[in-house]
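Quick caveat: nothing in here was measured; it's all calculated off a predicted structure.
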Amino acid sequence: DIADGSALSEEDLQTIANTAQEQLKALEALVSTTHDDARGFGDALEGSAQSMATDHSGASAITALIDLTRAMIVKTRAAEQQLRARGEAMTDLQASLADARTKADTDSLTGLSNRRAFERMLGAITERAKHSGRPLSLAICDIDHFKTINDRFGHVTGDRVLKLIGDILTDHCGKK
């Protein structure tokens, strides 16, 4: 589950990608079917119009048109429902991808950006600074003797210290 706060695995990402591909294929098939149905409806309407031109009473042609129209309405409503469902699935998929992107860029313990996100953001910020001519500052934090904390008090306490520092940084600097 993407929303549970755990790290996103390669398998999770592959599942999301496969789901996206399946949704797109299903959407493509639906569009193709709907296109074919619309073309068939147009051809049938043209045939009925020609039939009405030769049949002066027009009763059989009108009945055929009514039947054809009813069938097309049923197909159109079914296609609309399928498109709505596919749209909802794509919206859910977009949310999953956004969650995956966030998880891929976030340290699960501290909630801070990880190295990959830092490098990408630093590159973008550096480019903006170059183009704008504005100065750029970078602050680096180091926890003195952190290994001693882990060795003396254990990794659980070390993790709590990291989380606390992450929270303090977020409170005072904002999450980036």
Side-chain angles (χ1 to χ4, degrees), residues 1-38 75-176:
D1 184 59
I2 292 173
D4 70 358
S6 63
L8 202 63
S9 70
E10 184 71 29
E11 184 178 320
D12 293 332
L13 289 172
Q14 189 61 47
T15 298
I16 291 170
N18 288 344
T19 302
Q21 190 171 1
E22 289 168 12
Q23 290 295 330
L24 289 172
K25 284 181 182 178
L27 188 59
E28 181 181 17
L30 178 61
V31 167
S32 178
T33 299
T34 303
H35 176 74
D36 292 345
D37 288 345
K75 285 185 175 187
T76 301
R77 286 182 179 156
E80 180 184 7
Q81 288 174 340
Q82 289 179 12
L83 283 171
R84 189 175 292 118
R86 296 287 175 209
E88 290 169 3
M90 293 302 282
T91 298
D92 292 344
L93 188 57
Q94 284 175 327
S96 293
L97 287 171
D99 286 346
R101 192 172 295 120
T102 298
K103 286 193 178 298
D105 288 346
T106 304
D107 177 75
S108 62
L109 176 65
T110 63
L112 298 174
S113 297
N114 62 18
R115 181 179 179 158
R116 179 173 64 180
F118 168 76
E119 288 174 350
R120 189 179 61 253
M121 286 187 284
L122 182 61
I125 291 169
T126 302
E127 285 302 312
R128 278 198 307 257
K130 283 180 187 176
H131 291 297
S132 70
R134 296 179 67 189
L136 173 66
S137 298
L138 175 65
I140 297 177
C141 298
D142 181 34
I143 304 170
D144 289 337
H145 311 291
F146 185 71
K147 182 177 178 341
T148 305
I149 293 170
N150 271 338
D151 291 346
R152 184 167 178 196
F153 300 105
H155 289 278
V156 171
T157 300
D159 286 352
R160 289 176 62 198
V161 168
L162 288 173
K163 176 75 172 119
L164 175 66
I165 292 172
D167 290 345
I168 290 169
L169 288 170
T170 299
D171 289 346
H172 294 285
C173 302
K175 186 175 182 198
K176 295 278 180 175

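Atom NE2 of His131 sits about 10.5 Å away from atom OG1 of Thr126, to the nearest 0.5 Å. With values rounded to the nearest 0.5 angstrom, Gln82 atom CD is found 12.0 Å from Lys75 atom NZ. Separation of atoms CG (Leu122) and CG (Leu138) is listed at 6.5 Å; rounding is to 0.5 Å. We find the CG-CZ distance between Leu27 and Arg86 to be 7.5 Å, quoted to the nearest 0.5 Å. Taken from CG in Leu109 to CG in Asn114, the straight-line distance is 12.5 Å, to the nearest 0.5 Å. Note that the CD atom of Gln81 and the CG atom of Leu30 stand 11.5 Å from one another [nearest 0.5 Å].
Residue Thr34 comes nearest to Ala79 through the heavy atom pair OG1-CB, 3.6 Å, listed as atom of the first residue, atom of the second, then distance. The two residues Ala129 and Leu136 have their closest heavy-atom pair at CB-CB, 4.1 Å. The heavy-atom pair separating Leu93 from Thr19 by the smallest distance is CD2-C, 4.2 Å.
One N or O on the side chain of Ser96 and one on the backbone of Asp92 form a donor-acceptor pair closer than 3.5 Å. For Arg116 (side chain) and Ala104 (main-chain N/O), a donor-acceptor pair under 3.5 Å exists by modelled atom type.
Looking only at side-chain heavy atoms (C-beta outward), Asp105 and Arg120 come within less than 4.5 Å of each other. No side-chain heavy atom of Cys141 sits less than 4.5 Å from a side-chain heavy atom of Ile165. Within the 4.5 Å cutoff, side-chain heavy atoms of Thr170 are placed close to those of Leu112.
In summary, Asp159 and Lys163 do not engage in a salt bridge, as defined by a charged side-chain N under 4.0 Å from a carboxylate O. Comment: Glu80 engages Arg84 in a salt bridge, judged by a side-chain N to carboxylate O separation of less than 4.0 angstrom.
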Kindly determine whether Asp99 and Lys103 satisfy salt bridge (Lys or Arg N to Asp or Glu O under 4.0 Å), including the steps that lead there. CA-CA 6 Å; Asp99 286 346; Lys103 286 193 178 298; over 6 Å; no
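No option in Asp167, Asn150, Ile149, Thr110 other than Thr110 meets the side-chain contact (heavy atoms from CB on, under 4.5 Å) test with Leu162.
Counting heavy atoms of neighbouring residues, nucleotides and ligands inside a 6.0 Å radius, atom CD of Glu127 exceeds 12 of them.
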